[in-house]
Amino acid sequence: MKIGYARVSSTDQNLARQIKALKKAECEKIFEEKQSGKSTENRPELQAAIAYVRQGDTLVIASLDRLSRNYDDASDIIKQIRDKQVKMEVLDAPFLSMRTGDSDMDKFMFDLLTKLLAYMAQTERKKIRERQRQGIEIAKANGKYRGTRPAYAADAPNPQKKRFIYRRIVDQLRNKATGAPISYRAIAAETGVAVQTVINIKNRLV
């Protein structure tokens, strides 16, 4: 049985492209989530996928960085999968599925190449963060840095969606402040954002 796993890093990103590719790869069940890939913490759907697969199954992902952008985490996840005698298929790296006819050689090559890809993903993440840091330093030096713009705000660039969601969250937070029995988690579930996003908006209102 083929089981798919799809991930994007934030709630405003779309999973459709990955899900379409996984369905094309004939996955019978797909786990999906919108969580950062910098670590495996707070990744319930990934953990559910690993728990779900059985010996002889194949876990399918669009690319290796969908598992993790952290080398150690990616290596640990792959080990968990291999320990359950589950195969892994990476759609943008078909060479990982090549077979030599020697099972020991196949395992060696798979482990070697996946670790190389995980290392490259982590290195690229570090380079991106370094370029961001340098850009911020330059902007600060020129007096142009204003910090990261919140995705959900009264002046968000998408008035039809993000401003509407922001206003709804603010209304619910005000209801909560006046004693309404509603939790941050409930507000997040209603508006389709992360709980931390609700908390961040609440903190900006203080």
Side-chain angles (χ1 to χ4, degrees), residues 1-132 185 188-189 192-196:
M1 180 178 180
K2 285 190 172 184
I3 295 91
Y5 172 73
R7 180 190 65 79
V8 290
S9 298
S10 61
T11 56
D12 57 347
Q13 291 180 300
N14 199 316
L15 285 159
R17 181 186 62 81
Q18 290 181 56
I19 293 173
K20 181 179 179 180
L22 293 172
K23 287 181 177 179
K24 186 177 180 181
E26 301 181 343
C27 291
E28 298 178 45
K29 184 175 180 63
I30 297 174
F31 293 83
E32 57 186 84
E33 62 188 343
K34 297 185 176 185
Q35 296 287 350
S36 170
K38 64 182 179 181
S39 76
T40 55
E41 295 179 6
N42 301 318
R43 303 267 299 280
E45 291 303 303
L46 173 61
Q47 300 304 328
I50 294 172
Y52 183 85
V53 292
R54 297 292 183 266
Q55 180 179 347
D57 287 346
T58 300
L59 181 65
V60 185
I61 51 177
S63 60
L64 192 63
D65 62 3
R66 296 306 85 197
L67 285 184
S68 180
R69 291 184 180 275
N70 178 286
Y71 175 83
D72 290 333
D73 280 343
S75 297
D76 181 61
I77 294 167
I78 292 167
K79 183 178 184 303
Q80 290 182 58
I81 294 169
R82 295 302 291 267
D83 286 349
K84 296 186 73 171
Q85 298 184 48
V86 170
K87 298 175 184 177
M88 193 169 77
E89 183 178 346
V90 184
L91 298 181
D92 72 348
F95 54 85
L96 291 176
S97 299
M98 292 176 63
R99 298 291 178 262
T100 65
D102 182 328
S103 61
D104 290 335
M105 176 60 73
D106 290 344
K107 182 178 184 301
F108 169 76
M109 292 300 296
F110 181 89
D111 290 344
L112 177 66
L113 291 170
T114 50
K115 287 183 178 181
L116 175 61
L117 290 174
Y119 169 77
M120 291 170 63
Q122 177 171 290
T123 300
E124 180 60 22
R125 178 178 174 81
K126 287 181 178 179
K127 287 180 179 179
I128 291 172
R129 295 179 67 179
E130 177 60 19
R131 287 195 292 268
Q132 290 174 336
R185 187 173 298 278
V193 303
V195 175
Q196 189 59 51

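Counting from 1, the numbers follow the sequence of the chain as shown. Side chains included, hydrogens not; waters and symmetry mates left out as well; all remaining heavy atoms used.
- With rounding to the nearest 0.5 Å, the separation of CG in L15 from CZ in R66 is 9.0 Å.
- No donor-acceptor pair under 3.5 Å is formed between the side chain of E45 and the backbone N or O of E33.
- Using a 4.5 Å heavy-atom cutoff, the side chains of I30 and I19 are in contact.
- Summarising the geometry, atom CG belonging to L64 is positioned 11.5 Å from atom CG belonging to L91; distances are rounded to the nearest 0.5 Å.
- Remark: Q13 CD is packed, more than 12 non-hydrogen atoms of other residues, nucleotides or ligands lying under 6.0 Å away.
- Contact check for E26 versus T58: no side-chain heavy atoms found under the 4.5 Å cut-off.
- Of the possible polar contacts, one joining the K84 side chain to the I50 backbone as a donor-acceptor pair under 3.5 Å is found.
- In this structure, K34 NZ and S9 OG are separated by 11.5 Å, a value rounded to the nearest 0.5 Å.
- Here the closest heavy-atom approach between residue V8 and residue N14 is recorded as CG1-O, 3.6 Å.
- Contacts classified as ring pair (Phe, Tyr, Trp, His ring centres under 6.0 Å) and involving residues 24-55 (residues at least two apart or in different chains) are given here: F31-Y52.
- Residues A6 and L22 come closest through the heavy atom pair CB-CD1, 3.9 Å.
- Taking A189 as the reference, nothing meets the side-chain contact (heavy atoms from CB on, under 4.5 Å) condition, with sequence neighbours excluded.
- Interatomic distance, CG of L59 versus OH of Y5, reported as 9.5 Å (0.5 Å rounding).
- Across R54 and A51, no two heavy atoms sit closer than the pair NH1-O, 2.6 Å.
- The line from CZ of R43 to CG of D73 is 8.0 Å long, rounded to the nearest 0.5 Å.
- Partners of K20 under the side-chain contact (heavy atoms from CB on, under 4.5 Å) rule, at least two apart in sequence or in another chain, do not exist in this structure.
- Taking every heavy atom of both residues into account, D65 and R7 meet most closely at O-NH2, 2.7 Å.
- Summarising the geometry of L67 relative to I77, their closest heavy-atom pair is O-CD1, 3.8 Å, with the distance given to 0.1 Å.
- Nearest heavy-atom pair across A74 and S68 is N-CB, 3.9 Å.
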